[in-house]
Student: 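One structure is given below, represented as structure tokens, and several questions about it will come after.
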Amino acid sequence: MTIPAIPETRMGRLTFISETLGIPVPEGLHPDLVDDDGAPARDVLLFCAYTGASLDFIYFTDLRPMLRGAFHHAKETKHRKEGEDA
């Protein structure tokens, strides 16, 4: 099994997530994924809200927030399931 390399560019990381999830990359984005005011592009924000992808990963290659979110979600799901079984 080959572990894929993390792409070096913002657009590369957004594309990596899109391909992994089997969904299209938002269209019409600047390669740096920012709007004219320098803020993250609105379509990237919507993409992250829809997919659960991390802005920190896309913009800064930081996986920690995405991993923490998945960890806490798993703990909450397990806790709720244990409560249902009681």
Side-chain angles (χ1 to χ4, degrees):
M1 178 174 137
T2 303
I3 298 173
I6 295 174
E8 293 186 22
T9 66
R10 291 173 177 176
M11 183 60 83
R13 290 186 292 274
L14 180 69
T15 301
F16 175 80
I17 294 168
S18 294
E19 290 174 353
T20 299
L21 300 177
I23 60 174
V25 173
E27 295 180 10
L29 294 170
H30 295 277
D32 61 2
L33 306 182
V34 296
D35 282 336
D36 293 335
D37 63 359
R42 182 178 187 278
D43 285 341
V44 175
L45 297 173
L46 294 172
F47 176 87
C48 288
Y50 175 71
T51 63
S54 169
L55 284 171
D56 291 313
F57 173 67
I58 292 171
Y59 285 89
F60 306 112
T61 321
D62 188 353
L63 287 168
R64 292 173 293 178
M66 205 161 38
L67 294 172
R68 285 185 197 114
F71 174 73
H72 291 298
H73 176 74
K75 280 179 56 175
E76 290 171 10
T77 301
K78 180 181 177 190
H79 180 72
R80 268 187 262 131
K81 181 166 175 45
E82 288 172 353
E84 292 172 3
D85 291 341

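If you're wondering where the values come from, they're calculated on a predicted model, not measured in any experiment. Side-chain atoms are counted along with the backbone in the values below, which use heavy atoms only and exclude waters and symmetry mates.
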Student: Working note: Thr61 + Arg13, criterion side-chain contact (heavy atoms from CB on, under 4.5 Å); need CA distance, chi angles, decisive distance, verdict.
Tutor: CA-CA 8 Å; Thr61 321; Arg13 290 186 292 274; 3.1 Å; yes
Student: Less than 4.5 Å apart, side chain to side chain, heavy atoms only: is that true for Asp43 and Glu27?
Tutor: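 No - every pair of side-chain heavy atoms lies 4.5 Å or more apart.
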Student: Where do Ser54 and Pro65 come nearest, in terms of heavy atoms and distance?
Tutor: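 Taking Ser54 first and Pro65 second, the nearest heavy atoms are OG-CB, 4.0 Å.
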Student: Quick check: closest heavy atoms across Ala53 and Cys48, and the distance to 0.1 Å?
Tutor: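 Heavy atoms of Ala53 and Cys48 come nearest at O-CB, 3.4 Å.
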Student: Under a single-linkage rule joining Ile, Leu, Val, Met, Phe, Trp and Tyr whose side-chain heavy atoms are separated by less than 4.5 Å, which residues share a cluster with Phe16?
Tutor: Ile6, Met11, Leu14, Ile17, Leu21, Ile23, Val25, Leu29, Leu33, Val34, Val44, Leu45, Phe47, Tyr50, Leu55, Phe57, Ile58, Tyr59, Phe60, Leu63, Met66, Leu67
Student: Please determine which of Arg68, His73, Lys75 meets the side chain to side chain contact (heavy atoms under 4.5 Å, CB included) test together with Phe71.
Tutor: Lys75
